[in-house]
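Notes to accompany the following structure.
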Number of protein chains: 2
Amino acid sequence: MSQRKSRQPTLKSIAAAAGVHPSTASRALNGRSDARIPEDTLARIRKVAADLGYEPNPWARSLRTQRTMMLGLVIPRLTDVVLAKMFEAAEEHARDEGYQTITVSTFDRKGGQQELINRLIERRVDGLVLATSTLGDPSLARLEQEGFPFVLLNRASRSYPAVRGDDELGAYLATRHLLETGHQRIGHIGGPQSTSTAKFRLQGYKRALSESGIRYSPDLVRYGQFDAMSAMKGADELLSQRPRPTAIFAINDVSALGTMAAGRRHRLRIPDDLAVVGYNDSDMAALLPIPLSSVQVPLQQMGQLAVDLLIDRINGGTVETVVLTPRVVVRDSSARVVRDSSARPARRRR
Amino acid sequence: MSQRKSRQPTLKSIAAAAGVHPSTASRALNGRSDARIPEDTLARIRKVAADLGYEPNPWARSLRTQRTMMLGLVIPRLTDVVLAKMFEAAEEHARDEGYQTITVSTFDRKGGQQELINRLIERRVDGLVLATSTLGDPSLARLEQEGFPFVLLNRASRSYPAVRGDDELGAYLATRHLLETGHQRIGHIGGPQSTSTAKFRLQGYKRALSESGIRYSPDLVRYGQFDAMSAMKGADELLSQRPRPTAIFAINDVSALGTMAAGRRHRLRIPDDLAVVGYNDSDMAALLPIPLSSVQVPLQQMGQLAVDLLIDRINGGTVETVVLTPRVVVRDSSARVVRDSSARPARRRR
DNA sequence: AACCTCTGCACAAACGATTTCGCGCGCATG
DNA sequence: CATGCGCGCGAAATCGTTTGTGCAGAGGTT
């Protein structure tokens, strides 16, 4: 055991030092409007508290107030830059609002989500931000039923309150961008269809195609796991086809990286032989040797909003889902095709 | 206020249901060796607790035991993949050991560190893992003096217990690798010299040079902030020199990315005209269009070890700094030079 | 002078667990 | 039969807050 004797001053000790009863000290320091305390007593108590460096013991306080001022953040993994960005913003914002956050990663393990949520509830967090939910997730129903406050982030499920980007629109815009630069045979590296993000983005991709009168073909779509490896494998399959796609819209930037790697294996030049667009516009995108076109999503804002909504909900408000609008950022990986010549690669069939 | 009435069963309620005194129930459930409870009573209490879904209230417990089973993790930012990886591992390991973690980012703000540490201590975490410390950091002295358990991660400061990679060795190996592939004019994009990592890596770079009889020249070194932008600027300056460096060792992978971007601006081909080596071997490195050579560091192991050490310290152990050994992973960004031809680019002076 | 109304604060009861103390009781021992 | 001992468990204190209640005394009204 460490030697430190927990010599934090307690409310009782500062009350004694100020010559008042602990209850009075409590009222003075919490500044509730209902209890009227004369100016001088109040000042005296405040001074003593400051001098002794008093900090209220949060456990004792929580025990009494039934609030912990803690939020639980549940994410698939911290190493995903996109998630990290949202959660960094969420954590900072929560802090500004007086809440501390406990962040846990599920690593996509099967029962993991439920187990972790339970741990957080046992810790008596005041509410949860969930960025892991899959579409039919049963744990959400349980939470809702128990009246436990939660907000989804980046994912949708049922009509539970959520903060997310407009994935359908983002995918639509990305695909449209490729169509507008002349591509007709556009592949898609998707994500797990159990996630709302992947599903919506596939829909956006389809809508853009059909608007241009191009028939959707499942042959041009492969599903990965949001990671580079599975994307590379999928892209490899797409690029082995004849005629092969001249452009690929990937579900995220890491998948786009995998896609470009596959392109390299096929000795394709980017963007001349293959145009690639990613999603999320992570910092890396602009810095790549071939800068990557991507769909920009206001990630920080999403993290912040999720916390705002959650706090509202904790305080008894009824909150609505917020959907934020993305935009396409065009870079070399998809643009040069147009600049280089008038011959549009999409025409090169066979 | 939400409607949920905090209907969690309490120790008293399960004691009543089992027909025993709360103290007995407590003993039964905590299984302390000193109190001997007959098999049947114990089983009965356990059963009731399980049936009612009893979970001890952590605040009440902490209030009594003076322990929270919570650890604070302080990092500069979550969006740095390297840090995220360490902390993901740390969080998971802590969880396995029964601890929850509160992670906060300082965003490198000046007074931020001290302020955040205070917040965590007010929350009465049992200990701290600090990955932010600069070399002369005064907050550490305070912690040490108050006997508050902490462990540094990835950084060194004084002789405080830490878990880190051998930065000097890693940099030495990276530089040596460049020397062995024939380079002589090797630049270095460093980091803030207030951090132990940056300082040690510079030393390793110097040692490798001097071992090969090459004089160290400050002209070949620029200092960034661990990020791509400042690295790009520094690399741009280095590459504007005549003769220009034929290889650059960057303080981390993101800086290497910036360095490669600068190379592109100067229309240099990598690795033929410019070889680049990064540090940390982040996932991205292998997937880049030009796969990046890098120094591999056991990040997950570091995160895990930091937690182990911290828990040891909390339990009164005296712990020693652990230094882990890195290794160089050679990829295209620095290797092809040798494979392509016998003409070594380093020889091309003017 | 009797009565009422505020102030300003003390008292004490929670909140939900852990832990020290010690009391009966049964059994063995002398 | 008296004493001693260990076992199983209940009683009560404690951790540090918050908060409902109520009591004195000051000041005003009739």
Side-chain angles (χ1 to χ4, degrees), chain A residues 1 4-46 48-49 52-70 121-124 126, chain B residues 1 4-46 48-49 52-70 121-124 126:
Chain A
M1 279 292 154
R4 113 195 99 100
K5 296 261 177 179
S6 169
R7 272 295 138 253
Q8 292 269 6
T10 104
L11 185 59
K12 206 194 298 186
S13 71
I14 78 134
V20 296
H21 194 269
S23 65
T24 309
S26 171
R27 280 183 256 261
L29 295 172
N30 290 336
R32 307 280 292 216
S33 50
D34 59 338
R36 308 182 38 69
I37 295 183
E39 209 43 63
D40 55 342
T41 328
L42 196 142
R44 182 164 35 103
I45 296 176
R46 289 236 175 94
V48 172
L52 270 59
Y54 169 72
E55 283 299 336
N57 183 318
W59 323 320
R61 188 198 288 251
S62 296
L63 193 58
R64 191 65 235 260
T65 60
Q66 303 291 345
R67 280 193 162 210
T68 53
M69 301 304 280
M70 293 217 179
I121 293 183
E122 285 165 21
R123 283 279 184 186
R124 308 295 204 271
D126 289 338
Chain B
M1 275 296 154
R4 117 195 96 101
K5 295 260 177 178
S6 172
R7 272 297 137 251
Q8 293 268 6
T10 102
L11 185 59
K12 205 194 298 187
S13 71
I14 79 131
V20 296
H21 194 272
S23 63
T24 308
S26 171
R27 278 183 273 255
L29 296 173
N30 290 335
R32 307 280 291 215
S33 52
D34 58 341
R36 308 183 40 69
I37 294 184
E39 210 42 63
D40 54 343
T41 327
L42 195 140
R44 181 162 37 100
I45 296 176
R46 289 234 175 95
V48 172
L52 271 58
Y54 169 73
E55 283 299 338
N57 183 318
W59 323 321
R61 189 202 288 256
S62 295
L63 194 56
R64 191 63 235 258
T65 60
Q66 303 291 346
R67 278 194 165 211
T68 54
M69 301 304 278
M70 293 216 181
I121 293 184
E122 285 165 22
R123 282 280 184 186
R124 309 294 205 275
D126 289 340

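Order of the sequence lines sets the chain letters (A, B, ...), proteins ahead of strands, with each chain counted from 1.
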Which residue, T24(A) or L63(B), contacts DNA chain D at a nucleotide closer to its 5' end, judged by nearest heavy atom?
L63(B)
Earlier contact from the 5' end, DNA chain D, for G19(B) and A60(B):
G19(B)
So, do [X] and [Y] sit near enough that their side-chain heavy atoms are less than 4.5 Å apart?
X	Y	answer
L63(B)	L63(A)	yes
R44(B)	V20(B)	yes
H21(B)	R27(B)	no
W59(B)	Q66(A)	yes
V48(B)	Y54(B)	no
S26(B)	L11(B)	yes

Nearest-angstrom distance from the residue atom [atom1] of [X] to [atom2] of [N]:
X	N	atom1	atom2	value
Q66(A)	dC15(C)	CD	C1'	7 Å
H21(A)	dG8(C)	NE2	C1'	14 Å
Q8(A)	dC15(D)	CD	C1'	14 Å
I45(B)	dA17(C)	CD1	P	14 Å
E122(B)	dT17(D)	CD	P	12 Å
K12(A)	dA13(C)	NZ	P	15 Å
W59(B)	dG16(C)	CH2	C1'	10 Å
R67(B)	dG16(C)	CZ	P	24 Å

Tell me whether the side-chain N or O atoms of [X] pair up with the base of [N] as donor and acceptor below 3.5 Å, since no angle test is needed here.
X	N	result
T65(A)	dC15(C)	no
R61(B)	dT18(C)	no
R27(B)	dG8(D)	no
R44(A)	dG8(C)	no

Please tell me if [X] has a side-chain N or O lying less than 4.0 Å from either OP1 or OP2 of [N].
X	N	value
Y54(A)	dG16(D)	no
N30(B)	dT18(C)	yes
T41(B)	dC9(D)	yes

What nucleotide among [options] has an atom nearest to a side-chain atom of [X]?
X	options	answer
R64(B)	dA17(C), dT17(D), dG10(D)	dA17(C)
P38(A)	dA13(D), dC15(C), dC9(C)	dC9(C)
V20(A)	dG16(D), dA10(C), dG10(D)	dA10(C)

With a non-hydrogen cut-off below 4.0 angstrom, is T10(A) in contact with a base, only sugar-phosphate, or nothing?
sugar-phosphate
Using a 4.0 Å heavy-atom cut-off, does S26(A) contact any base of the nucleic acid, only the sugar-phosphate backbone, or nothing at all?
base
